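Letters A, B, ... mirror the listed sequences (proteins, then strands); counts begin at 1. All values derive from a computational prediction rather than experimental measurement.
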2 protein chains.
Amino acid sequence: MLVSANVSERMSEPPDIGVSVVILALGRASSEESGATDVATTRGNHDARPTLWIPLVRRIKQPFLGDWALPGGNLQSGTSLEDAARTALESTTQLRPRYLEQLYTFGDPSRSHGGLPMVTIAYWALIATTETTQLTGGENVRWFPTTDLPSLAFDHGDIIDYALTRVRNKVEYTDLATRLVGDTFTLSQLREVHEAITGTSLDPANFRRKMLSSGMLEATGSQLSNGKHRPAMLYRYVAHESPHQAHQRRPQGKARHGNAGHTT
Amino acid sequence: MLVSANVSERMSEPPDIGVSVVILALGRASSEESGATDVATTRGNHDARPTLWIPLVRRIKQPFLGDWALPGGNLQSGTSLEDAARTALESTTQLRPRYLEQLYTFGDPSRSHGGLPMVTIAYWALIATTETTQLTGGENVRWFPTTDLPSLAFDHGDIIDYALTRVRNKVEYTDLATRLVGDTFTLSQLREVHEAITGTSLDPANFRRKMLSSGMLEATGSQLSNGKHRPAMLYRYVAHESPHQAHQRRPQGKARHGNAGHTT
DNA sequence: TCAATAGTGTCTGTAAGACAGTATTAG
DNA sequence: CTAATACTGTCTTACAGACACTATTGA
């Protein structure tokens, strides 16, 4: 490999282009020490509050050999940015995203740290977790809670911070929270998602009223019996094109798959 | 130039990287037909409501020869994305931006239209206009009102639409409007900026109260006599780091120049 | 004087938060 | 029965919008 020779040669050429993805899912800390790469979801560990988890890939070459990095890959001509993000996402997790949005493009020359100059187009995605979802990865993939991240390669720590800031902002005025739960959910489950993302504790009565008056929830008619208390009504998310949301569509007239398109 | 031969050769390589800028300034339609590239600002034409104007560059080669395009250039290694945007901006307008923010990265393969595959990192900028500002450009540069744009190259029309959507959203909860006026301004001037961006008509009394209670304005003590009516107090913008705004800082810990950094 | 904009006062509707109270389940 | 969560009622505060009113200028 002629890496170090190439670096100086390429200073007058354009940088390479990478696409990386911050993948977020709701999970609970697993109490069993067997298989530390597993994350218990709704099943088991009902005492622990759920938090956001993220899959990272261990680097197998320099720089940052052995550190953890965001899933991603190089961009080829003929591939759209979003397709490149989907490819990185699905090859890492085998799970389909419920939401995918471009985050930011990072291109400061100082971020390459001895590698080739690289512009990284970052995306973020949300994955629904149900009682049976297993958040496991392959050989060099591991899920981490966002509250306890390992040493990260390049500026990937900054990228994750920015993604979390964006999620915290958008959960307040969009339907993001519904993308982290299953097709049907109770208002308590939805409230736990909000609490996990914002780090706050919300009044159940006020949260209920706010969600029901938003018009984006629809009662399914069935209930969920969860413990030694009154069962809760199950709801499902129903998209509704409010005038406000129509202003927040994505750029480009082309069709975009799999999300309701909220961008600011 | 071996352009057409290069296209097929490069299909397995990464696309080129361009940086384009949507530059916005407040202006009023000029009634004089002499010099159609001029835009009257606050001086003159007081009957016309101000609107957003944007400078475009005429293309001098294929594809889209003769059409208008966003100012921009190719990205070189060793240059940050923001510096590339500043370079494109200042070489086009000779004016310094009061605000600069990354907009979105466009990379769909279909957007090259016979040119080389190109990923475009779009920025948007705000320029302050005062009574004496002349919004003029060079030989192949012309300012257009955003309400009456010409035929645009590539997907630059989509990029402008998205920038305008972003501005409309952010003017509601940030200090963006103050970046389009001079250092001091009356509440009527500031209201006209909001009205120009949102396309609405705002109640002067309620707008005044909302702005003053936001804490971001400070009375200068001097007044502006404008016409045959009571003179208006002049205010200036004072940055205040509210807890809410602290959540909306930009990514990357590096220093960023010349704006208060509002990003969602 | 009038016309025009600057600026104040006040009412109403909406929505968020605090918090008391009722309903229904398991054990 | 108790403990736990589901769900309802209601009070307070804050703020946006509507709109009547006063203040000050140029002509």
Side-chain angles (χ1 to χ4, degrees), chain A residues 42 45-50 169 171-174 177 181 184-195 198-236 242-244, chain B residues 28 42 45-50 131 168-169 171-174 177 181 184-196 198-236 242-244:
Chain A
T42 322
N45 271 50
H46 273 270
D47 29 288
R49 296 290 108 201
N169 283 333
V171 77
E172 303 288 350
Y173 61 95
T174 68
V181 292
T184 67
F185 46 86
T186 68
L187 283 163
S188 287
Q189 289 170 339
L190 195 60
R191 177 169 49 81
E192 281 190 326
V193 176
H194 279 257
E195 290 174 338
T198 62
T200 59
S201 185
L202 299 171
D203 182 295
N206 295 333
F207 180 82
R208 158 185 303 278
R209 251 186 303 267
K210 190 173 170 181
M211 283 300 129
L212 293 180
S213 70
S214 78
M216 72 184 197
L217 299 189
E218 180 183 73
T220 61
S222 45
Q223 295 182 323
L224 177 67
S225 290
N226 226 2
K228 54 172 201 169
H229 53 76
R230 178 172 169 179
M233 179 67 77
L234 283 165
Y235 292 85
R236 74 168 63 86
S242 78
H244 179 62
Chain B
R28 288 182 157 89
T42 323
N45 270 52
H46 273 269
D47 28 287
R49 297 292 106 201
E131 308 208 356
R168 277 192 281 267
N169 284 333
V171 78
E172 303 288 349
Y173 61 95
T174 68
V181 292
T184 67
F185 46 85
T186 67
L187 283 164
S188 287
Q189 289 171 340
L190 195 60
R191 178 169 49 82
E192 281 190 325
V193 177
H194 279 258
E195 290 174 337
T198 61
T200 59
S201 185
L202 298 172
D203 182 296
N206 294 331
F207 180 82
R208 157 185 305 277
R209 252 188 302 267
K210 189 174 170 180
M211 283 300 127
L212 293 180
S213 70
S214 78
M216 71 184 197
L217 298 189
E218 180 183 72
T220 62
S222 46
Q223 296 182 322
L224 177 66
S225 291
N226 226 3
K228 53 172 200 169
H229 52 76
R230 179 173 171 177
M233 179 68 76
L234 283 165
Y235 293 85
R236 76 168 62 85
S242 78
H244 178 62

S.K.: Nearest 0.5 Å please: distance from the CZ atom of A/Arg230 over to the CD atom of A/Gln223.
M.R.: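 One gets 8.0 Å once the value is rounded to the nearest 0.5 Å.
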
S.K.: Using modelled atom types and a 3.5 Å cut-off, is there a donor and acceptor pairing between side-chain atoms of B/Glu192 and backbone atoms of B/Arg49?
M.R.: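 It does not hold such a pair.
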
S.K.: Can you see if the side chain of B/Arg230 gets near the phosphate of C/dT5 - specifically, an N or O under 4.0 Å from OP1 or OP2?
M.R.: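 Indeed not, no polar side-chain atom of B/Arg230 lies that close.
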
S.K.: Report the distance from atom NE2 of B/His194 to atom P of D/dG17, rounded to the nearest whole Å.
M.R.: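 For the pair B/His194 NE2 and D/dG17 P, the rounded distance is 12 Å.
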
S.K.: If I take atom NZ in residue B/Lys210 and atom C1' in nucleotide C/dG7, what distance separates them, rounded to the nearest angstrom?
M.R.: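 In whole Å, C/dG7 C1' lies 19 Å from B/Lys210 NZ.
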
S.K.: Which pair of non-hydrogen atoms, one from A/Thr184 and one from A/Gln189, has the smallest distance, and what is that distance?
M.R.: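 Looking at all heavy atoms of both residues, the shortest contact is O-OE1, 4.4 Å.
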
S.K.: So if I take every side-chain heavy atom of B/Ser188 and compare against C/dT5, D/dC19, D/dA6, which nucleotide ends up nearest?
M.R.: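 Nucleotide nearest to B/Ser188's side chain: C/dT5.
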
S.K.: Between the side chains of B/Ser188 and B/Thr186, is a donor N or O closer than 3.5 angstrom to an acceptor N or O?
M.R.: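 There is no such pair (donor and acceptor under 3.5 Å, judged by atom type) between the side chains of B/Ser188 and B/Thr186.
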
S.K.: To the nearest 0.5 Å, what is the distance between CG on A/Leu217 and CE on A/Met233?
M.R.: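 If I round to the nearest 0.5 Å, the distance is 12.0 Å.
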
S.K.: Could you tell me how far apart B/Leu224 (CG) and C/dG7 (C1') are, to the nearest whole angstrom?
M.R.: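 Answer to the nearest Å: 15 Å.
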
S.K.: Whole Å only: how far is the CG atom of A/Leu217 from the P atom of D/dC7?
M.R.: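 Result: 12 Å.
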
S.K.: To the side chain of A/Pro231, which of C/dT8, C/dT24, D/dC7 is closest?
M.R.: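 The nucleotide sitting nearest to the side chain is C/dT24.
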
S.K.: Measuring to OP1 and OP2 of C/dA26, would you say a side-chain N or O of A/Ser225 lies under 4.0 angstrom away?
M.R.: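 Negative; the distance criterion is not met.
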
S.K.: Whole angstrom is fine here: how far is it from CG in B/Leu212 over to P in D/dA16?
M.R.: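 Nearest whole value for this atom pair: 12 Å.
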
S.K.: Give the nucleotide from the list C/dA18, C/dT10, C/dA4 with an atom nearest to the side chain of A/Asp203.
M.R.: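 Side chain of A/Asp203 sits closest to C/dA18.
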
S.K.: Please state how far atom CD in A/Gln223 lies from atom P in C/dT24, giving the value in whole angstrom units.
M.R.: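 Taking CD of A/Gln223 and P of C/dT24, I get 10 Å after rounding.
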
S.K.: Where the side chain of B/Lys228 is defined as all heavy atoms beyond and including C-beta, which of C/dG17, D/dC7, D/dA27 is the nearest nucleotide?
M.R.: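 Shortest atom-to-atom distance from the side chain points to D/dA27.
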
S.K.: What is the separation between atom CD on A/Glu172 and atom C1' on C/dA16, rounded to the nearest whole Å?
M.R.: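 Going from A/Glu172 (CD) to C/dA16 (C1'), I get 12 Å.
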
S.K.: If I take atom CG in residue A/Leu190 and atom P in nucleotide D/dA6, what distance separates them, rounded to the nearest angstrom?
M.R.: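 Rounded to the whole Å, the gap is 12 Å.
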
S.K.: Between C/dT5, D/dA6, D/dC19, which nucleotide gets closest to the side-chain atoms of A/Arg208?
M.R.: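 Output: D/dA6.
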
S.K.: Less than 3.5 Å between a donor and an acceptor, one on the side chain of B/Arg209 and one on the base of C/dG9, is that the case here?
M.R.: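 Under the 3.5 Å cut-off, the side chain and the base do form a donor-acceptor pair.
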
S.K.: Please tell me which of B/Ser213 and B/Ala205 maps to the more 5' nucleotide of DNA chain D, matching each residue to the nucleotide holding its nearest heavy atom.
M.R.: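 The answer here is B/Ser213.
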
S.K.: Tell me which nucleotide among D/dG17, D/dA6, C/dC19 gets nearest to the side chain of A/Ala232.
M.R.: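 Given the options D/dG17, D/dA6, C/dC19, the side chain of A/Ala232 is closest to D/dA6.
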
